[in-house]
Amino acid sequence: MEYSFRQIEQKWQAHWKATNAYKVSNESSKPKCYVLDMFPYPSGAGLHVGHPLGYIASDIYSRFKRLKGFNVLHPMGYDAFGLPAEQYAIEHGVHPAVSTEQNISNFRKQLDNIGFCFDWDREVRTSDPSYYKWTQWIFLQLFNSFFNRHTAKATPISQLVESFEKAGNQEHVCPANNALVFSGEEWKSFTPKRQQEILMDYRLAFCGYGEVNWCEALGTVLANDEVVNGVSERGGYPVERKRLRQWYLRITEYADRLLEGLEQVDFSDAMKEMQTNWIGKSYGAEIDFKVSSEQEAVGNLRVYTTRPDTIFGVDFMVVAPELDIVDHLKSAAQASAVEEYLAYVKSRSERERMAEKKISGVFTGAYAINPFNGRKIPIWISEYVLAGYGTGAIMAVPCGDERDHKFAEHFNIPVTNIIGTHYNGRDANPTKDAILENSEFLNGVLMRDAISIVNDRIEAMGIGKRKVNYKMRDAAFSRQRYWGEPFPVQWKDGVAVPLPESELPLELPYVDNYKPGPDGEGPLANIPEWVARELETNTMPGYAGSSWYFLRYMDPHNNQSFCDRKVSDYWGQVDLYIGGTEHAVGHLLYSRMWTKALFDLGYIGHDEPYKKLVNQGMIQGSSRFVYRIHGTHTFVSRGLLEEEETYQQKQLDKLHVDVNIVDGYELDMAAFKNWKPDFSQAEFILEDGKYLCGNEVEKMSKSKFNTVNPDQIVDRFGADTFRMYEMFLGPVEISKPWDTKGIEGVHRFLKKLWRLFIDEQKGVVVNNEPATAEELKVLHRAIRKIEDDTERFSFNTGVSSFMICVNELSDLKCRKKVILDQLLILLTPYAPHIAEELWQLTGNSGSILDASYPIFEEKYVKESAKAYPVAINGKTRAEITISLDATQQQVEAIILEDETVKKWLDGKTPKKIIYVKNKMINVVL
RNA sequence: ACCCGGGUGGUGGAACAGGUAGACACGCAGGACUUAAAAUCCUGUUCGCCGAAAAAGCGAGUACGGGUUCGAUUCCCGUCCCGGGUACCA
């Protein structure tokens with residue numbers, strides 16, 4: 001009987017399915033454990049070997065926790081709305097619902113192959129009306145709430161209305177416009193439309209006009225995190241700034257709570273740092289400067305600075321070109337130069353601004369007056385100051401800020417040095433640790449201390465105040481696309497009116513074409529019935545459905561609520577969340593915000609969704625190359641190339657070759673000729689009769705011909721081998737290259753394990769003899785190590801420990817059921833199929849999935865003595881076995897008698913003998 | 001440019017609170033079994049020196065240069081390189 005993994009795996013997968021082995025109940029006396037994988041988008045390309053890495057890790061952890069007596073929720077589903085399906089629809093005429101369905105079924109087949117313990121009864125799809133009904137419902141909760149800054153909580157908008165009626169907006173400053181002030185009387189006198197406009201400026205989900213990232217090629221708006229280096233994350237199309245009517249989430253109101261929440265969760269420092277930087281909280285001050293301009297009634301120039309201590313080093317002001325004040329600043333002499341510059345700025349696309357950062361700007365002709373010494377400071381405009389951050393104007397301190405310094409250099413503006421020797425005249429120095437000079441009343445003060453001195457002064461003088469700013473913007477929440485959740489909103493007379501709950505879900509209508517509607521609207525605007533009902537024509541973005549899916553898994557079939565409160569209280573936070581870092585600032589921030597809002601409104605009992613987050617690394621491709629002599633059909637084996645990748649001084653073309661027709665480095669030449677018509681004429685210059693390929697580690701992608709399909713691997717080696725090998729490759733968090741060759745080692749391990757139980761001729765050879773002390777020691781060492789490794793996600797060392805254990809038991813010829821049964825249970829999370837098969841073959845009843853995890857017992861691994869490394873001056877020279885309870889004196893006596901030690905002592909007396917129990921001994925001469 | 005990670009054999013990696021560097025595998029080399037192959041098993045495998053070989057021994061060695069320590073892959077300082085994030089955020 002040999003290890004026929006194909007048959008075994010198919011048999012048990014079918015059996016587990018038939019017996020509902022992975023069904024999870026919401027009612028249990030067991031402690032709960034919620035293990036979650038990041039929501040996959042079912043792409044048409046299918047899975048490559050890198051995708052399941054995180055799923056395998058979470059699967060092992062889930063099965064482990066189950067054996068340890070937990071009720072484990074480990075669900076899977078699909079983030080099924082999104083741009084790629086719609087792009088595919090536009091290009092191929094296939095309705096997104098159809099291609100999505102196909103992709104999901106393909107995806108599912110690939111997942112099933114690997115033997116995951118997902119409870120498929122809980123599968124969710126964001127594009128399913130029974131799911132997006134609740135996405136729409138939560139949207140309405142956000143729409144009907146505002147952020148009460150006094151309690152720092154989402155609060156029903158009805159309470160805001162009550163407050164407005166009593167005291168106007170005194171209690172609640174308008175987040176969208178803090179200049180807005182009205183009394184209770186005024187509120188009551190406003191028209192209903194005006195009242196709605198004001199409320200819109202408070203809502204957590206709101207509609208407004210703003211500068212958005214418009215992507216012409218995709219025909220939609222994108223959120224900040226969907227734009228990378230000025231182009232769209234999906235497709236790499238150019239993105240420009242455009243002022244449009246959009247839905248937004250007022251996530252900025254949650255900035256502080258999103259920051260504070262990071263202290264309670266177990267995320268990597270890198271992840272916390274990324275989120276912290278994205279939120280970008282800074283402490284500074286807004287200062288008003290009087291302006292001296294040729295024009296009258298200019299008003300003050302308000303700047304935002306984090307360094308009020310440098311107020312005497314201000315040599316010029318810079319205003320963002322987009323600001324209205326620019327018009328009032330320009331002098332007659334500068335008017336044409338300013339106009340010219342504004343035209344230039346307008347002509348520059350977002351991408352150009354990103355790509356080439358050249359210093360540009362123009363003097364307006366106006367001056368600001370330093371409130372402390374009356375100095376006239378020239379006001380410039382330049383595109384390096386962003387309209388959207390702070391006040392859109394800065395006070396430039398060239399000696400302390402690099403950009404200001406470059407600007408001053410470029411335009412020959414004299415630099416005032418306020419930090420003495422800390423400034424070398426060539427580079428700005430942003431230090432806070434200099435003693436101020438040339439700074440009047442601040443002279444001799446440490447910059448760090450001067451900040452609050454200046455803040456106190458400007459506040460006392462009434463020309464400014466302390467101010468906290470955030471880099472994060474409100475999140476654009478609408479897309480001018482078809483394949484997304486419709487907004488449950490009607491527009492009546494310019495007022496957004498939410499649909500009543502009873503009309504949810506508002507179903508996405510079927511369409512035949514996906515052309516954009518008129519005036520930058522989405523395809524829904526082309527449907528007469530839709531427009532006639534005055535429904536919103538935008539749809540929600542990809543992250544809408546994924547912002548709360550972890551709650552739906554808990555209670556997926558509930559049609560009374562998005563998730564029953566009792567159920568969400570039982571499951572609580574996700575205990576372990578595994579996924580890639582690419583969602584650091586998008587999905588993770590949005591879902592954290594939605595969770596906080598739902599918590600504030602009392603719908604769930606916790607305000608951080610994920611207790612622990614593990615970021616999986618990427619599995620990279622190991623690409624293979626062939627070298628063709630330029631202009632010929634002749635290919636040269638790698639080992640024959642010269643230094644500079646030439647052959648006999650001839651130029652070579654380095655071409656990617658499909659890794660699936662290369663064994664290690666050796667090219668399958670026949671397969672290569674069949675691979676592409678271009679290569680059918682190929683001739684080879686070989687070394688040792690072989691053609692060897694070059695290699696390089698790159699990202700795994702179809703275009704580099706280095707993708708490996710898990711189906712193939714499972715077919716050749718089985719799911720158990722595949723699972724263990726993915727883990728054996730290295731730590732889950734680290735990126736590492738895939739190398740199919742190495743999988744043999746893991747496969748051999750499973751075969752070796754099999755032979756421990758089964759003899760090819762005799763069949764099952766497991767016996768009921770009692771275990772020896774040695775065997776128990778091997779087993780319990782493995783229990784300790786593997787349990788610990790699994791608990792701390794060190795799956796790679798876990799796999800090695802299995803290998804060590806099986807190697808040792810093989811050496812001991814151990815065939816004892818008492819030992820081997822325990823080993824099988826240990827192995828179940830990693831290789832469930834072979835474990836279940838051997839469990840059954842050795843006569844156990846019931847499924848091994850429900851066995852209980854072995855309990856480590858110290859007594860079996862206790863040693864009485866240790867072979868100590870004995871070092872002389874730190875260099876290990878001997879190994880001496882000494883009883884573990886030896887005292888310092890005993891140890892000294894023993895080692896001084898040792899021949900090797902004596903030789904090294906050479907008659908001298910050691911200065912000191914260091915003895916660290918159970919570690920080592922060091923003799924210092 | 002800035003902020004995080006990280007540099008360990010031919011390769012993936014191990015050493016989880018400073019204590020025998022290279023676990024476990026891959027690959028490679030040699031051998032056993034076999035008519036042969038596959039499969040399996042055994043031995044060796046950081047580099048250099050010494051040796052016919054083996055054993056033993058010696059020296060160097062965790063990117064590089066310094067430091068702290070009885071002892072450093074691990075801690076500190078400086079330099080170089082690679083990966084990730086951010087990109088005019090005042």
Side-chain angles (χ1 to χ4, degrees), chain A residues 2 228-230 268-274 276-278 280-282 284 303-307 310 318 353-354 357 359 382-386 388-397 400-404 406-407 430 469-473 581-582 584-585 615 617-618 620 622 664-665 695 697 725 728-731 733-746 748-749 751-752 755 760 785 788-789 792 794 796-804 807 810 867-879 900 903 910-914 916 918-925:
Chain A
E2 58 173 15
V228 179
N229 288 326
S268 70
D269 289 344
M271 177 60 63
K272 289 184 180 182
E273 172 115 2
M274 273 187 247
T276 305
N277 288 344
W278 184 263
K281 185 174 188 175
S282 70
V303 304
Y304 176 71
T305 179
T306 54
R307 296 298 300 277
T310 60
V318 190
R353 283 175 74 158
M354 289 279 193
K357 279 175 192 151
I359 301 167
S382 170
E383 62 177 351
Y384 88 87
V385 170
L386 306 176
Y389 184 76
T391 60
I394 62 157
M395 52 181 231
V397 182
D401 183 281
E402 199 193 321
R403 292 153 308 168
D404 296 349
K406 289 209 172 108
F407 193 85
N469 253 320
Y470 299 92
K471 206 164 99 179
M472 184 168 67
R473 292 288 109 87
T581 44
E582 66 272 23
V585 294
N615 292 115
M618 257 195 322
Q620 296 150 316
S622 185
Y665 297 108
N695 75 301
V697 171
Y725 183 57
F728 187 61
L729 234 35
E733 301 93 330
I734 304 293
S735 295
K736 57 253 158 183
W738 175 266
D739 174 15
T740 302
K741 271 242 134 159
I743 201 169
E744 309 262 356
V746 173
R748 271 177 216 146
F749 153 75
K751 286 199 277 193
K752 194 165 179 177
R755 287 198 307 273
E760 238 174 89
K785 184 75 167 66
D788 185 49
D789 284 348
R792 36 183 272 272
S794 180
N796 56 327
T797 53
V799 175
S800 327
S801 304
F802 280 116
M803 292 172 170
I804 292 169
N807 287 346
S810 299
Y868 282 95
V870 179
I872 316 287
N873 280 341
K875 281 216 179 303
T876 307
R877 299 295 181 183
E879 195 177 77
T900 319
K903 190 185 99 191
K911 275 206 198 96
K912 204 177 358 173
I913 293 173
I914 290 155
V916 184
N918 209 11
K919 293 278 184 198
M920 46 61 70
I921 295 162
N922 190 14
V923 180
V924 186
L925 286 183

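Quick caveat: nothing in here was measured; it's all calculated off a predicted structure.
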Asp789(A) and Thr797(A): side-chain donor and acceptor closer than 3.5 Å? yes
Spacing of [X] atom [atom1] and [Y] atom [atom2] [to the nearest 0.5 Å]:
X	Y	atom1	atom2	answer
Ile394(A)	Tyr389(A)	CD1	OH	12.0 Å
Met618(A)	Lys736(A)	CE	NZ	11.0 Å
Met920(A)	Tyr868(A)	CE	OH	10.5 Å

Base, sugar-phosphate, or nothing: which does [X] touch, judged by heavy atoms less than 4.0 Å apart?
X	value
Ala867(A)	base
Asn807(A)	sugar-phosphate
Glu2(A)	nothing

Nearest heavy-atom approach of Gly745(A) to Met803(A) is O-CE, 4.2 Å
I need the minimum non-hydrogen distance between Ala396(A) and Val318(A), along with the two atoms involved. CB-CG2, 4.4 Å
Of the listed nucleotides ([options]), which one gets closest to any side-chain atom of [X]?
X	options	answer
Lys751(A)	U40(B), C88(B), G85(B)	U40(B)
Leu386(A)	C88(B), A25(B), G19(B)	C88(B)
Ser282(A)	U20(B), A87(B), A90(B)	A90(B)
Trp278(A)	A87(B), A1(B), A90(B)	A87(B)
Ile804(A)	C89(B), G57(B), A23(B)	A23(B)
Thr305(A)	U20(B), A90(B), C24(B)	A90(B)
Ile394(A)	C89(B), U20(B), A90(B)	A90(B)
Arg755(A)	C70(B), C41(B), A90(B)	C41(B)
Met274(A)	C58(B), C41(B), G85(B)	G85(B)

Inter-nucleotide [atom1] distance ([N], [M]), Å rounded:
N	M	atom1	value
U73(B)	U20(B)	C1'	14 Å
U69(B)	G12(B)	C1'	34 Å
G22(B)	G10(B)	C1'	14 Å
A55(B)	C80(B)	C1'	43 Å
G44(B)	A25(B)	P	14 Å
U40(B)	A52(B)	P	39 Å
U74(B)	G7(B)	C1'	14 Å
C75(B)	A14(B)	P	16 Å

For Asp401(A), check side chain to side chain donor-acceptor pair (under 3.5 Å) against everything at least two apart and list the hits. Arg403(A)
Ring pair (Phe, Tyr, Trp, His ring centres under 6.0 Å) involving Phe728(A) - partner list, sequence neighbours excluded: none
For Tyr725(A), the ring pair (Phe, Tyr, Trp, His ring centres under 6.0 Å) test, sequence neighbours excluded, returns Trp738(A)
Scan nucleotides 59-62 of chain B against the protein and return all N/O pairs shorter than 3.5 Å with their distances rounded to 0.1 Å.
unit_1: G59(B); atom_1: OP2; unit_2: Arg877(A); atom_2: NH1; d: 2.9

Are any non-hydrogen side-chain atoms of Val923(A) and Pro910(A) less than 4.5 angstrom apart? yes
So with a 6.0 Å cut-off around CD of Glu402(A), is the heavy-atom count from everything else above 12? no
Check the surroundings of atom NZ in Lys272(A): do more than 12 heavy atoms from other residues, nucleotides or ligands lie under 6.0 Å from it? yes
In whole angstrom, what separates [X]'s [atom1] from [N]'s [atom2]?
X	N	atom1	atom2	answer
Lys471(A)	C2(B)	NZ	C1'	11 Å
Arg403(A)	U86(B)	CZ	P	18 Å
Asn615(A)	G85(B)	CG	P	12 Å

Only Watson-Crick and G-U wobble pairs with both distances less than 3.5 Å should count. Give RNA chain B in dot-bracket notation, marking inter-strand partners with |. (((((((..(((......[....)))((((((.......))))))((((.......))))..(((((..]....))))))))))))....
Apply side-chain hydrogen bond (donor to acceptor under 3.5 Å, both in side chains) to the pair Lys752(A) and Asn807(A), showing each step before the final yes or no. CA-CA 8 Å; Lys752(A) 194 165 179 177; Asn807(A) 287 346; 2.9 Å; yes
Is Arg748(A) near enough to C26(B) that one of its side-chain N or O atoms lies under 4.0 angstrom from OP1 or OP2? yes
For a quick check, with a 4.0 angstrom heavy-atom cut-off, what is the B/S/- contact string for nucleotides 4-17 of chain B, read 5' to 3'? S-------BSS-B-
Would G9(B) be called syn or anti here, given the cut-off of 90° from 0? syn
Using 30° and 60° as the class boundaries, would you call the ring planes of Phe802(A) and Phe749(A) parallel, tilted or perpendicular? tilted
